[in-house]
Amino acid sequence: MFKLVAVLSAALLCALVRGQEDADDKKMDVFRLPENTSPESYDLWFAPNMNDWTFEGCAKILVNINTPDTIAVTLNLNNLTVTNVSATDVSNNRDMVVAGLEYQTKNEQFVIRFQKAVPKDRQLLVTIKYKGYIRDDNTGLYRSSYIEDGVTKWLAVTQFEPTSARLAFPCYDEPMYKAKFNITVVKQNGQTVLSNMPILKIEEGSKNTTVYFKETPPMSTYLAAIYVGEFVPKKNDSKITIYTYKGKQGQTEYVATEAPKHLKVLEKYTGINYMLPKMDLLAIPDFRAGAMENWGMNTYKESLLLLSNDSKTKIKIQSSEIVQHEFTHQWFGNLVTCKWWDYLWLNEGFAAYFQYFATGMVRTSWPMEELFLIDEFQNSMAYDQTPRHPITTSVNTPQETVDIFDAITYRKAASVLRMLRYTVTENLFQLSLQYYLKQFSYKAADPTNLFSAFDNVLYDKNYEIGNGLTVNEFMSNWTLQSGYPVLNVTRNATTNTFSVTQRQFYVNKTDTTINETAAWHICLTYITDVSKNFTYNSSSSVWTNKESPLTVFEAPEDINWYLFNPKAIGFYRVNYDVNNWMALIKQLNETPTDIHVLSRAQLIDDAFNLARSGQLDYSVALHLSKYLKYENNTTPWYSAMNVFSYLLERMPRSDEGYEDFKSHVSSLAGTIYKKLEDLVSSGNTEFKVLSAWETFSSWACRLENKYCLTKAQEYFNKWQAGEKIPADIKDAAFCIGVKNSNGSSVFNNMLALYNSTNSISEKSSAESALGCSTNRTQLSEYINHILDGPNGLIKYKDMRSVVSAISVTPLGLDVLYEFMSTNINITMDQLPNGEDIITFIYSTLASKVTNDDEIEKINNFKNNSTVRASVRPMFENSYKVVEYNLEWFDSYSVGINQWTSAYGEKEPQDIEITTLPPTTIAAGTTTGSTSMNVTVKISTTTPKPSSATLNAYSSLVILQLTVFTVLIKTYFL
């Protein structure tokens, strides 16, 4: 008789391990863990070594046996070296005999096999000791650095979502497996260590200190977190503490003041108090995502958490939104978690929704629904009008999971949730979410659980959403099929009926992936010139036909125009016959505010995207946009800027018409910029005004609007002379200052400011301004700083934004191509994210090149035999945009040029621009804000046309488009 030892030595471990030599290039073929076991709790011990960037770890996992005769425990593990494994039966404290271990490398799994099968309902304590590397790719346990008093300081922090916890410890790395965590970290003396929970106890040694943290509630592995470094806290009277390094402490005041309000509003809305005893917010120098909701230890990009007094208004709005997003996850994602990544939208859709609407509860004067329409609703529509996955999708591999962190999962899901809120009413929406959160607290859920919660509440309240639908039927219809519909609406004046036909909407009319049988449940709300009631009531409204794409119902008599989907509540586009389009245009020119601002913005977005897809003549969309001269609300202007930007990137291929079209858009841009300039100059400090001033000053100046160029240069001259200028005008002022400069002094000073300013807001203004240079040598110098490495001028996290800044001019595109073609191998070999940078540059070029020489160059580049296989598929996919853009240009550019020639706005006469001689800006110099008096007065509007003129104008356009109308009706009916 002899006793078999359950603890394996390193030598014996190596002998028992099989499969470690599996080829890395084999595709993953097992995607989920077997459900025969599950975790009850984890005791995790980490000892990071920040000298050689390694760490030692020990994971003690209390494992539940869920099936009879279980012979193995299978965990997720990736890029870790196991040194010791043991297992104990907890019920009898008997050591288990470990018969073998198997690394299933390609499947990122680790199998522990026992000599004897284990009965169901037993618990095993599995102990695994291992080693790993502190990574440099922003995943798992990774390192980041910053400069403090001229010294490079390092930190180690975790980023586990979605599938990177397995890079730091062996685990059940799937969201459905919730367990309690007891985390212990060994740190060097003088370091700060943080985790999800407060510190339980500390054991101090001569060199190292061991910190034990309190046990967490049950949670998924991707939410576990640790930090080790030298950050210092900014504490207030709430549970919230903000951590950053000493040089940035002064920039935490805004978030420190606002964050407690955002947490409190969610507690009130959900009826559930925040569950943990503390909430730490960390500003991480190198961070791939915008922010991460680790329970009790949220991590953020520095730019979203650190705001100086003179930060741009838009950054303050974004900071509030993202803090609200991550706080929402403490309920939607952390407390109740999606069962599998197919249902990621249950986490991210709600977070994207509440980042606007809960922020609106905190900042009641901010127009959050208008911001939602532009940032989420319209952007998700633009993304989803080419073939994409449905909201509830199917993913298997880690890469597939990463890929669905996209506009569908965030923005479209949030837009459909907004539609649901209006459908069931705000009160029942809130009650249903409270029911859902309480029912599934500390559990995992799928969409049917959410929908069932709604149906239960609606049943109790005796509320019908309409058309005999349950919430489950309604929402499944929108979440399980991809894309969205366009409604073609016509009115028969003789029979007083509306005819509504729905069809899946894609912008590429030649695309063969359109599902001809796709149909959606749509509540058909509308207003008319006689009845402008924007109240949404689904239960008393007409719904689309369940059996046919055509729905016919009674229309009001004696109306001049009608508008469907008021306030853009439904996630669909609407097209009309030309008569109704022109009647709407007439209304907008006479009294824009008779139509809700959300609808005005959506009319612009719908019209231009319908034209892009060939379902509406561009002349109608362009005629519609002319009303903007009378538009005083900035929200429709954002829609206009976005749709015009699409045209402006493609029309340079037109040698004869581009300048006229650009002049037309420039004139419009100058209109809104001057309105905002006047408001700011008169002392208006509304967030909406100031953030729009930043956006539209940059837009108008980029379009070379004369008035904007003059004002921006004036601001730059004052800044250059040492005066403070508002942060919200710095993007435009810095850009024009660099663009108009002679020699290298201004560029070099701006580069020095970019490197030295302590204000992240000012750094972003300098970053974009450097891309405005008209000097090839300067732009080449700028982009080549990417190769400087982690301690260089351009950090990894800023590389994409630098590329985008340079890409705004034809010269910049040429410089980007030169850099890519010369440095492709160096970039991919030397930079941790080199492949990402190269493919981003190529995709940027593919989306913006227009002339034949540029197109030939990037086509030849992707076809070069020396291009590595790892990036070739991404090049091929990006190049499809070039082909589509050429097809678009051939189809629509002539018509746009003809319209511009006949109806386009013209820029005013040239204005003299005065520049100051460049002066040297001292390193570290920053500027603040001040109000400026406007002295230049230029009329950029034309007199409002008379009603008779509008009628004649409309008749002319209707005559021109009669044939097109017939084609459209034929196409849909």
Side-chain angles (χ1 to χ4, degrees), residues 314 317 321 353 356-357 360 366-385 407 411-412 414-415 418-419 422 484 486-487 505 525-527 532 534 536 561-576 580-581 584-612 616 620-647 665 668-669 671-673 675-676 686-689 691-696 699:
K314 184 168 290 185
I317 295 174
E321 289 175 356
Y353 172 87
Y356 291 86
F357 294 100
W366 289 4
M368 296 311 298
E369 190 158 26
E370 293 175 39
L371 292 176
F372 181 90
L373 182 81
I374 301 300
D375 295 341
E376 305 299 311
F377 185 92
Q378 291 183 354
N379 277 330
S380 61
M381 278 196 151
Y383 185 80
D384 200 30
Q385 60 195 19
R411 291 171 169 172
K412 182 181 180 181
S415 299
R418 171 176 173 259
M419 181 170 62
Y422 275 102
Y484 60 87
V486 55
L487 302 188
F505 180 78
T525 56
Y526 67 92
I527 62 166
K532 300 167 187 161
F534 284 88
Y536 188 93
W561 56 261
Y562 48 91
L563 183 146
F564 275 63
N565 198 20
K567 296 171 66 175
I569 291 167
F571 195 76
Y572 55 89
R573 299 196 185 279
V574 186
N575 198 4
Y576 308 100
N580 193 61
W581 275 114
L584 288 168
I585 291 170
K586 182 174 182 289
Q587 175 67 68
L588 290 171
N589 277 277
E590 290 178 344
T591 316
T593 53
D594 277 5
I595 296 176
H596 196 280
V597 62
L598 296 177
S599 290
R600 301 200 301 272
Q602 194 56 32
L603 278 170
I604 293 170
D605 193 65
D606 278 354
F608 276 87
N609 282 285
L610 288 164
R612 180 180 165 188
L616 183 67
V620 177
L622 291 165
H623 279 308
L624 171 66
S625 69
K626 285 175 71 71
Y627 102 89
L628 286 164
K629 292 179 292 184
Y630 317 115
E631 179 59 77
N632 293 320
N633 191 306
T634 56
T635 300
W637 280 101
Y638 283 105
S639 296
M641 181 182 69
N642 291 336
V643 296
F644 276 127
S645 294
Y646 178 85
L647 302 184
V665 181
L668 287 176
T671 300
I672 184 60
Y673 168 64
K675 289 178 180 181
L676 292 164
E686 294 177 42
F687 269 52
K688 181 177 181 178
V689 170
S691 62
W693 186 43
E694 177 204 342
T695 297
F696 294 112
W699 186 44

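Since we're looking at a predicted model, the values are computed, not measured.
Here the OG1 atom belonging to Thr525 is positioned 5.5 Å from the CG atom belonging to Asn565, to the nearest 0.5 angstrom. The structure places OH of Tyr630 at 10.5 Å from CD of Glu590, a figure rounded to the nearest 0.5 Å. The line from OG1 of Thr593 to CG of Leu588 is 10.0 Å long, rounded to the nearest 0.5 Å. Atoms CG and CG, from Leu647 and Leu622 in turn, are 7.0 Å apart once rounded to the nearest 0.5 Å. Atom CG in Leu668 sits 13.5 Å away from atom CE in Met641 (nearest 0.5 Å). Taking NE2 of His596 as the start and CG of Asn633 as the end, the distance is 9.5 Å to the nearest 0.5 Å.
Tyr562 pairs by the ring-ring contact (aromatic ring centres under 6.0 Å, His included) definition with Phe498, Tyr576, not counting sequence neighbours.
Inter-residue side-chain proximity for His623 and Val620 is flagged as unmet; no heavy-atom pair is nearer than 4.5 Å. By the 4.5 Å heavy-atom criterion applied to side chains, Lys586 and Trp561 are not counted as neighbours. Between Met368 and Phe357 there is no side-chain heavy-atom pair separated by less than 4.5 Å. Residues Leu676 and Val689 form a side-chain contact, since some pair of their non-hydrogen atoms from C-beta on lies under 4.5 Å apart. The closest side-chain heavy-atom distance from Ile317 to Glu321 is below 4.5 Å. For the pair Trp581 and Leu610, the minimum side-chain heavy-atom distance is below 4.5 Å.
Ring-plane geometry between Tyr356 and Phe372 is classed as perpendicular, the angle between the planes exceeding 60 degrees on a 0 to 90 degree scale with a lower cut at 30. In this pair, Phe696 and Tyr638 present their aromatic rings tilted. The plane angle is within the 30 to 60° band.
Residues Arg573 and Asp605 are paired through a salt bridge, judged by an N-O separation under 4.0 Å between the basic side chain and the carboxylate. With respect to the salt-bridge test (charged N to carboxylate O, under 4.0 angstrom), the residues Glu370 and Lys688 qualify.
In this structure, Arg411 forms no cation-pi arrangement with Tyr383, as its terminal cationic atom is not both closer than 6.0 Å to the ring centre and no more than 45° off the ring axis.
The nearest pair of heavy atoms linking Arg600 to Glu631 is NE-OE1, 2.6 Å. Of all non-hydrogen atoms in Ser380 and Ser415, the two that sit nearest each other are OG-OG, 3.7 Å. Here the shortest heavy-atom pairing between Leu584 and Leu563 reads CD2-CD1, 4.1 Å.
Side-chain N/O atoms of Gln378 and Asn642 include no donor and acceptor closer than 3.5 Å.
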